[in-house]
Amino acid sequence: MQCTLILTEGDSAKTLAVSGLGVVGRDKYGVFPLRGKLLNVRDGNLKQIQENVEINALLKILGLQYKKKYDTDDDMKTLRYGKVMIMADQDQDGSHIKGLVINFIHHNWPSLIQRSFVEEFITPIVKASKSGQELSFFSIPEYIEWRENTDNWKTYKIKYYKGLGTSTSKEAKEYFSDMARHRIKFRYSGNEDDTAVEMAFSKKKIEERKDWLTKWMEEKRARRTQGLADEYLYNKDTKAVSYTEFVNKELVLFSNTDNERSIPSLVDGFKPGQRKVLFACFKRADKREVKVAQLAGAVAELSAYHHGEQSLMSTIINLAQDYVGSNNINLLLPIGQFGTRLQGGKDSASPRYIFTQVSPVTRSLFPLHDDNVLRFLFEENQRIEPEWYCPIIPMVLVNGALGIGTAWSTNVPNYNPRDLVENIRRLIKGEQPKPMMPWYKHFRGEIRRIDSRRFVCYGEVAKLNEDTIEITELPVKVWTQEYKEKVLEPLMETAAAGKDKDKDKDKDKDKGETSKKQREPLVTDFKEYHTDTTVRFVVKVAKEKMRALEIEGLHKVFKLNTVINTTSMVLFDAAGCLKKYNSPEEICVEFFETRKTKYIDRKNFLMGMLKAQALRLTNQARFIIAKIQGEIHMENRRKANIVEQLIKMKFDPDPVKRWKEEQRKKELKESGEIDLEGEAEAEQEDEEDEKKADKKLATHLSDYDYLVGMALIRVSEEEKDKLLAEKETKLQEVNNLEGKTWGDLWEEDLTRFLEELKKQEDRELADLDLNIKKAGKKAGSDDKPAKGKKKTAAFAAEVLPAKDAERIVPEMDNEMKIKYEKIDKPKTEKVKKEPGEKAEKKKRTKKEGADIKKFMKKEIKKEEPLDSDISISDEDADEVNTDDEFESELDRMDDDAPPKRQTRGIKKVRAFVSKG
DNA sequence: CGGATAGCTAC
DNA sequence: GTCAGTAGCTATCCG
């Protein structure tokens, strides 16, 4: 009962704990390593809990019994340990693990929570040391606070601790010998603690979590704008924290990080991991391919990636995949086996065996010039990736997005990059964007609109003869192997197994037929002729059932229709606010505004740069003349001396260097990061304090390197003329650029991109052709010895759709439409709460929302004053609006299917909304 | 209608 | 090194 069980995050932490226990003795301590995230036992299913290895181990080690109340000391004596102490990394995932352990105890034995059964062991996250003196900080804000109150902080050596592994065993011993300081109790302070823990972990409290996180993000933003420091939970005097404090100040950090790493940015469509990969690739500027495993290492180093590399490697693989349903434009090239549509990319080879390289298209999407106008982040004084890149089209729509965070998840389908170029061009011209449909590269099926935010995606099926059909395309994200196992094989087995899965269907049509017929399988046999890029099933069906199947619709029978929806497109906007978007056009418009300002920035930057370059050339030419005419003597003189003379002669310090520095400073100031950059410089300087002055002089002198450092051979009339000519060219460029608008620059980029895209797609098409031919050859040689080209061609034809097949045109499923109308209706009437975008950012919704609404209004030619409702910034209003919009959109888009007018109910809701 | 599951970045 | 299990949310499938 006086014993404490230490739960550690992973095995390496266990080692640390064990070595730390050396100083306090192992008698009263046990150590048990947790392997990753603990099961969330709240409203989980029984079977999973019973079978969970970790949970069972914990029960056994602690001697806990379900349903037992640990109210008295006698009850406590039945336990093998009187306390549980969690020792997790001092990072957000560590907080999550602490939370999950607390959740486990709280859910089953609330009485133990009230008895302070759970504790934690915290370790420093930053240490500052100076001649024997050592300061430990248990949170970053505490460290920053100290830094701001300590003038000579620069004289300290600063070390960051990432994970428990950073600590040495000597340090572990230090921590454990000062138990009082590192041991923190979780204190129960009443009912609110129960509510807090439940809110954080119950699957039913998603909406509450949205509110919780939204509020937290708002508060953080408010503190930022007021220049206040972040809150922190632990300082040197902290002895206990309440569960509410833990949830609201520590766990919330994990939840927020979880969103940040799982939900991409609207501007570039990247999650931080992906952005770091691109950053590292740009920085390395490799001309040759690199091994994925090696690239991951480089990314981790160059961009301060602190998580497991396995995760990073799958991110890289994901960026390079190019099978149907993955990327519309893969930014990295897949060199080796990166996975195919056979298994949805799960069939990729090990990262040790496969190579990658930046695709030529990538730089045309992310122009190099923009690097000068992006806001780069810093971590521990290392310049890492920007907050976001700024591609020339909204990449989040090109490759789509998929992510699961806390309280929110996101799902954005893919769109056609050419449609996006077209829409951007319209926006540049001040026109409205056209509605877009999801689109997948090399997808041969069909995508149709159901309603404003739902689409149906059909595969391809054709009739070969009375009892044979061929399936040559599956809906997007239905993988060949899975389709075979989960659809075709069951259709064949139904009769054999005796339990007819299609009984219901058969009943409908074959009423009165003999039971024998019902038992017959729909599919009697099927053959496969796939390649890793194409699909072809040739399916034999029972002849007498063919007609019935055709009436029902082959797409439906063979499950060749899936739904793509745009109902949960959640993204971080340019300002870093989480926001839910209702349409790709809305995303386009918001992207457009951000990108536009970046083009203006870029133009300004380039203008200054060119002018600086021209000035530099002028100076150089003048310098050469002066040198030739003997006005400057450099031989046998000190550099400082020469520079002094140059200054006297009114030569400018390197104009290009000056300009760049100016820009950097301006940018940092605008983004409020000035202290970071200043800190970077300062820290470099303070390393060698006494040399500081020297260094300054050196930088000063180096400002003239562009003159004094010129090669002797360049000191000639010839060279001078060349420089002057170059200067003229630069000035010409300045004139040129001056005449261009941001729109012109953008237009140029778009044109270049389209050219690159064409080239890339031609290459891909050639590869696809080759692939099919190879498949033919292989099939030919496998079966019989190949005899001439004819055979090969015949086999190649086998993998392609048959030429004389009768294509079945998918029929818009009326059932489906009705189904979704039904789903949508109660939703609007109930006025479902979605605080996601609500509180998030009122001012923005108003500003941008108005824009979008305006465009929607024009586009759908509706005069009804929907907009006023929306400006109260409640998405309920949006939802209603969308319904209206969808109907009018159907009017426009789906000519053959007359839309059902259902304005009833909408008015009612609107009235409700305006009231509320 | 409820339970199971895919999808993805992290442990 | 590989495989397997966990979180977190939404939508769909299945019984």
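Residue numbers begin at 1 in each chain, while the letters A, B, ... track the order of the sequences.
- Annotation: ring pair (Phe, Tyr, Trp, His ring centres under 6.0 Å) contacts of Trp439(A) (sequence neighbours excluded): none.
- Distance, Tyr353(A) OH to dG1(C) C1': 9 Å, rounded to whole Å.
- Atoms NZ (Lys205(A)) and C1' (dG8(C)) sit 17 Å apart, rounded to a whole Å.
- Going from the C1' atom of dC8(B) to that of dG1(C) covers 22 Å, rounded to whole Å.
- Phosphate proximity of dT6(C) to Asn40(A): absent, as no side-chain N or O sits under 4.0 Å from OP1 or OP2.
- Close to dC9(C), at under 4.0 Å from its OP1 or OP2, lies no side-chain N or O of Asn259(A).
- For Pro351(A) and Val41(A), each mapped to the nucleotide of DNA chain C holding its nearest heavy atom, the one lying further toward the 5' end belongs to Pro351(A).
- Going from atom NZ of Lys210(A) over to atom P of dG8(C) covers 14 Å, rounded to whole Å.
- Applying the salt bridge (charged side-chain N to carboxylate O under 4.0 Å, His left out) test to Lys271(A) and every residue at least two apart in sequence or in another chain returns nothing.
- Distance, Lys203(A) NZ to dT10(C) P: 13 Å, rounded to whole Å.
- Counting non-hydrogen atoms under 4.0 angstrom, Arg209(A) reaches the backbone sugars and phosphates but no base.
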Item to check | Under 4.0 Å protein heavy-atom contacts per nucleotide of nucleotides 5-11 of chain B, with B for base, S for backbone only and - for none | outcome: --BSSBB
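- Taking Lys486(A) as the reference, nothing meets the salt bridge (charged side-chain N to carboxylate O under 4.0 Å, His left out) condition, with sequence neighbours excluded.
- As rounded to whole Å, 15 Å separates atom P of dG8(C) from atom NZ of Lys204(A).
- Listed by chain and number, the residues in a salt bridge (charged side-chain N to carboxylate O under 4.0 Å, His left out) with Asp93(A) are Lys37(A), Arg261(A) (sequence neighbours excluded).
- Nearest-nucleotide assignment on DNA chain C puts the 5′-proximal partner with Arg352(A), out of Leu39(A) and Arg352(A).
- The pair Lys162(A)-Glu379(A) counts as a salt bridge, with a side-chain nitrogen and a carboxylate oxygen less than 4.0 angstrom apart.
- Regarding Asn45(A), its CG atom lies at a distance of 9 Å from the C1' atom of dA4(B), rounded to whole Å.
- Qualifying salt bridge (charged side-chain N to carboxylate O under 4.0 Å, His left out) partners for Arg35(A), counting only residues two or more places apart in sequence or in other chains: Asp11(A).
- As a whole-Å value, the separation of Phe455(A) CZ from dT12(C) P is 13 Å.
- Rounded to an integer number of Å, the gap from NE2 of His96(A) to C1' of dG8(C) is 7 Å.
- No contact: Gln92(A) has no heavy atom under 4.0 Å from any strand.
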